[in-house]
Amino acid sequence: MTTVLEIENLKETLNRGDSNFPLESYVWSGYNFDNNIKMHWHSDVELVRFIKGEFSYTIKMQEYKIKDRAIAFIPANVLHSFILPSYSAESAVVFNPKMLPFSEYDKNERALSKALVLGYTSLYNPITPDDPDFEILDEAIDYIVANSKETSVCSRLRIKSKLIEIFAILQSKGYFSEEAVTSDNSSMQREDRVKLLLKYISENYPKNITVNETAEKLGFTTEYFCRFFKKNFGESFIDYLNDYRMDRAAQALLLTNLPIAKIGENCGYQNSGYFFRVFKKKFGCTPNQFRTLKSAKG
């Protein structure tokens, strides 16, 4: 299992697991700093198991706040973000829904498969312990996370059976449909603009980009851009950009052996001293100390 910090932001193109078993699990537990997973989307399905702590997540531009145990279902290609507080516990399973052995000969199974691949669902609210099926769902996700690295045929069949059990329960509650769940045009336009903005940031964050330049590139006036950004992200563009760069630096520290100064440079910090100061302010430790989390957390 890898840490949640290792999930790529924005439009993810990661190859999860392997070609035969495209599934990956992520765990966040015991860290002494908050983890703000920025707005992103991917073509995979995600099941999130909140275990301990006060969490906030956003899906389709709607924010949800939960405490301790809950489950979130993240459909394919939907914008979402998470705030995972320090010393909280959370895990997630992200997978390509095409890995599930649905029959092409069964109309209902074909419909469910299509709903998962295309994100045809009305399930955006968290599932909480007052749901009569919560414990079954919770146990199934926990099992998948704990066994996701097993490579035997038996283990992978059991994991697939757990996923099918989960979606059978959700299907029985009427959460999936054969057609796209309709959204008003203004909401769709808003999401498209946010995706365009996030794409621009992801492609240009190592550069010295400014508010005026970003607004101009996207066809916004600076004044409108600042209002739009604050409304949709809850912070200023500069604060978001700095935090985004820090998250990318943290990912690079965990995932690569690049020199720390080079990581700072790749994330838009030409002055390594300033990079160290900003990093320590956010994470409460130096980049060198942070890097030891890779071996400490596994």
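Quick caveat, the model's predicted, so the values are computed rather than measured.
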Within 45° cone and under 6.0 Å: Lys282 NZ/CZ vs Phe33 ring: no
Step-by-step salt bridge (Lys or Arg N to Asp or Glu O under 4.0 Å) determination, Lys230 to Glu223: CA-CA 11 Å; Lys230 181 73 172 180; Glu223 183 179 0; over 6 Å; no
Arg49 bridged to Asp142 by N-O distance under 4.0 Å: yes
Members sharing Leu157's hydrophobic cluster (side chains within less than 4.5 Å): Val153
Joint cluster assignment, Val27 & Ile51, ILVMFWY side-chain distance < 4.5 Å: no
Atom CG of Asn208: over 12 foreign heavy atoms under 6.0 Å: no
Of all pairs that satisfy side chain to side chain donor-acceptor pair (under 3.5 Å), the ones with a partner from residues 104-118, not counting sequence neighbours: none
Residue pairs passing the ring-ring contact (aromatic ring centres under 6.0 Å, His included) test where at least one lies in residues 197-217, sequence neighbours excluded: Tyr205-Tyr244
What donor-acceptor contacts under 3.5 angstrom involve side-chain atoms of residues 163-172, with partners at least two apart or in another chain?
{"unit_1": "Ser172", "atom_1": "OG", "unit_2": "Ile169", "atom_2": "O", "d": "2.5"}

Derivation of the side chain to side chain contact (heavy atoms under 4.5 Å, CB included) call for Phe50 and Ile71: CA-CA 6 Å; Phe50 300 106; Ile71 294 168; over 6 Å; no
Hydrophobic cluster partners of Ile83 (side-chain heavy atoms under 4.5 Å): none
Backbone of Asn147 reached by a side-chain donor or acceptor of Glu150 within 3.5 Å: no
Passing option when Ser148 is tested against Ser25, Ser91, Ser155 for side chain to side chain donor-acceptor pair (under 3.5 Å): Ser25
Residues Tyr31, Tyr87; criterion ring pair (Phe, Tyr, Trp, His ring centres under 6.0 Å); working and verdict: CA-CA 5 Å; Tyr31 292 95; Tyr87 301 109; 9.4 Å; no
Main-chain N/O of Val94 paired to Asp44 side chain as donor or acceptor, under 3.5 Å: no
Geometric class of the Phe290/Phe283 ring pair [parallel <30°, tilted 30-60°, perpendicular >60°]: tilted
Working for side chain to side chain contact (heavy atoms under 4.5 Å, CB included), residues Trp41 and Lys195: CA-CA 9 Å; Trp41 74 99; Lys195 286 184 176 181; 3.6 Å; yes
Check: Phe225 ring centre within less than 6.0 Å of Phe237 ring centre: yes
Phe82 and Tyr64 aromatic centres sub-6.0 Å: no
Residue pair His40 / His42, side-chain heavy-atom distance below 4.5 Å: yes
Ser56 side chain to Glu63 side chain, donor-acceptor N/O pair below 3.5 angstrom: yes
What pairs of donor and acceptor atoms, side-chain ones from residues 264-271 against any protein atom, are under 3.5 angstrom apart with sequence neighbours left out?
{"unit_1": "Asn266", "atom_1": "ND2", "unit_2": "Lys262", "atom_2": "O", "d": "3.4"}
{"unit_1": "Asn271", "atom_1": "OD1", "unit_2": "Gly273", "atom_2": "N", "d": "2.9"}
{"unit_1": "Asn271", "atom_1": "OD1", "unit_2": "Tyr274", "atom_2": "N", "d": "3.0"}

Output field: ring centroids Phe73/Tyr124 closer than 6.0 Å: no
Short N-O contact, Glu191 and Arg193, less than 4.0 angstrom: no
Side chain Asp133, main chain Ile136, donor-acceptor under 3.5 Å: no
Sidechain N-carboxylate O distance under 4.0 Å for Lys217, Glu213: no
Approximate separation, where rounding is to 0.5 Å, of Leu112 CG and Ser103 OG: 12.0 Å
Under-4.0 Å salt bridge between Asp138 and Lys162: no
Asn242 side, atom CG; Glu235 side, atom CD - distance, nearest 0.5 Å: 9.5 Å
